[in-house]
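Reviewing the structure listed below.
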Amino acid sequence: MAFINQKKKEVQVKIVYYGPGRGGKTTNLEYIYNKFNHRIKTEIVAIKTHGDRTLFFDFLPFNIGKIKGYDAKIQLYTVPGQVKYNATRSLVLRGVDGIVFVADAMTVRQDKNILSLENLRENLSLYKKSISKIPLVFQYNKMDLAEQGIPLLSYETLQQTLNSQLKVPAFQASALLGTNVVQTMKKIITMTLTSLQKELE
Amino acid sequence: MTEKNNTITNEVETRLDELFMEDDSAPDNVPEEKEQNSHKKLRDLKAAILSIDWEINDDIMSSLLHRIKALRKDYQNDRIIFMFLQLLEAVGKYIKTNKGNAHPTSIKLLNSMFYNLEKVIYDSTMPISKRKNILKTEIKRFKILKEQIVGQKGRYEIPEEYEQKIAPAEQEETIVLDQEVIEPSEPSIPVDENTRISAEIAAAVEQIKSVIQSEFNALRADLRQWMKENN
């Protein structure tokens, strides 16, 4: 649940980038940071393993100014995608307000996407949250790999596999090149803050 | 969607469009790209420093030193930042050698040095005098740590090879900060200084020995005198 300080007129929302390992969650945050750090004036915090994999989480906080008279503070988190770090993933989800599911569009990663989405559903249920009720956006990442001849799942297949029941917004993206990275982030922030409409009235 | 929802949605969208407009953001020119690369390396270094709180092992420390080395290349023409990196490297090597037995202040110092390095790098408007002062403060802290380590040798053992390892022989120039001249070998624990300190300690021990001896001689004389009187 978002932290809303009525006295200070502050609202703090937590958005988590979830998905299978090596799917591009950290790359999303890095792109946003590298592209806009001169405007959002913040720092990204990343704790990585020796092999540059996310060990705990990445964290990018920034303010977007006043919304409905409240100072809106956004916190973007990633989770470690590797299966063995489920305890950490579950912990990072505590208090989450919105989720970006970064799916890997490579054909060979189809099963990993499905497993990770199922894992998200389970971990949310630990906090009595439902994947069908929380603000959620899909990002089908690595679309740029098509140019290198790497077999990718089509948008339709990804939608069918992951989003046929949830029917939430989805973007084809390349986190490496920045394609639709910002659009994904804007969408989830908008959906999340809109979901807090009542509390902000 | 209700009208109210539309209002907040529009407000958020407008705000986000203003903040994350992509057309006029950082142009992809070469110097900026280079700066971004260095900033990325700095963030990687921060991650390595933060992970020391988590665990100190060879992998983490090697990664930290590797990242410092990469930054040193980028900032070889900025003497203040270069010195900061040398200090970080010296402390990093000391921690790598001693791991859990490292002097507790060394980890605090590593964090404080990095915090100030970040300030110096990110604040491009910072006057040179302020940059120098920040560096001087860290050098002072480094010297205090060296003294503490030397003073407690045994408890926080400095391996002999450490002194050889951390001497930054790569730097050829002398760095002048205002009136203070910092020799290239500053961020190490110089052997000469250790020798001087050892000599001072040895002299002090000799002095104490001689005082104790003279006190014992006086006591023995008193005792002999007292025995004579009682016999």
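Since the structure is predicted, the reported quantities are computational estimates derived from the model, not experimental observations. Chain A is the first sequence line, chain B the second, and so forth, proteins listed ahead of strands; every chain is numbered from 1.
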Around [X], counting heavy atoms of other residues, nucleotides and ligands shown, do more than 12 lie under 6.0 Å from its [atom1]?
X: A:Lys9; atom1: NZ; result: yes
X: B:Lys46; atom1: NZ; result: yes
X: B:Lys108; atom1: NZ; result: no
X: A:Gln6; atom1: CD; result: yes
X: A:Arg121; atom1: CZ; result: yes
X: B:Tyr122; atom1: OH; result: yes

Calculate, to the nearest 0.5 Å, the distance between atoms [atom1] and [atom2] belonging to [X] and [Y] respectively.
X: B:Met21; Y: A:Phe36; atom1: CE; atom2: CZ; value: 9.5 Å
X: B:Glu11; Y: A:Ile64; atom1: CD; atom2: CD1; value: 9.0 Å
X: B:Arg15; Y: A:Leu193; atom1: CZ; atom2: CG; value: 12.0 Å
X: B:Ile8; Y: A:Ile67; atom1: CD1; atom2: CD1; value: 7.0 Å
X: B:Asp17; Y: A:Lys186; atom1: CG; atom2: NZ; value: 4.0 Å

Using heavy-atom distances under 4.5 Å, tell me whether B:Glu118 contacts chain A through its side chain, its backbone, both, or neither.
side chain

Does any heavy atom of chain A fall under 4.5 Å from the side chain of B:Leu50, the backbone, both, or neither of them?
side chain

Keeping B:Arg43 on the side-chain end and A:Glu43 on the backbone end, is there a donor-acceptor pair under 3.5 Å?
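Answer holds: no.
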
With a 4.5 angstrom heavy-atom cut-off, which part of A:Lys198 approaches chain B: side chain, backbone, both or neither?
neither

A:Thr194 versus B:Thr9, side-chain donor and acceptor atoms under 3.5 Å
yes

Among A:Ile74, A:Ile189, A:Ile32, which residue has the highest count of heavy-atom pairs closer than 4.5 Å to chain B?
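Option with the top pair count is A:Ile189.
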
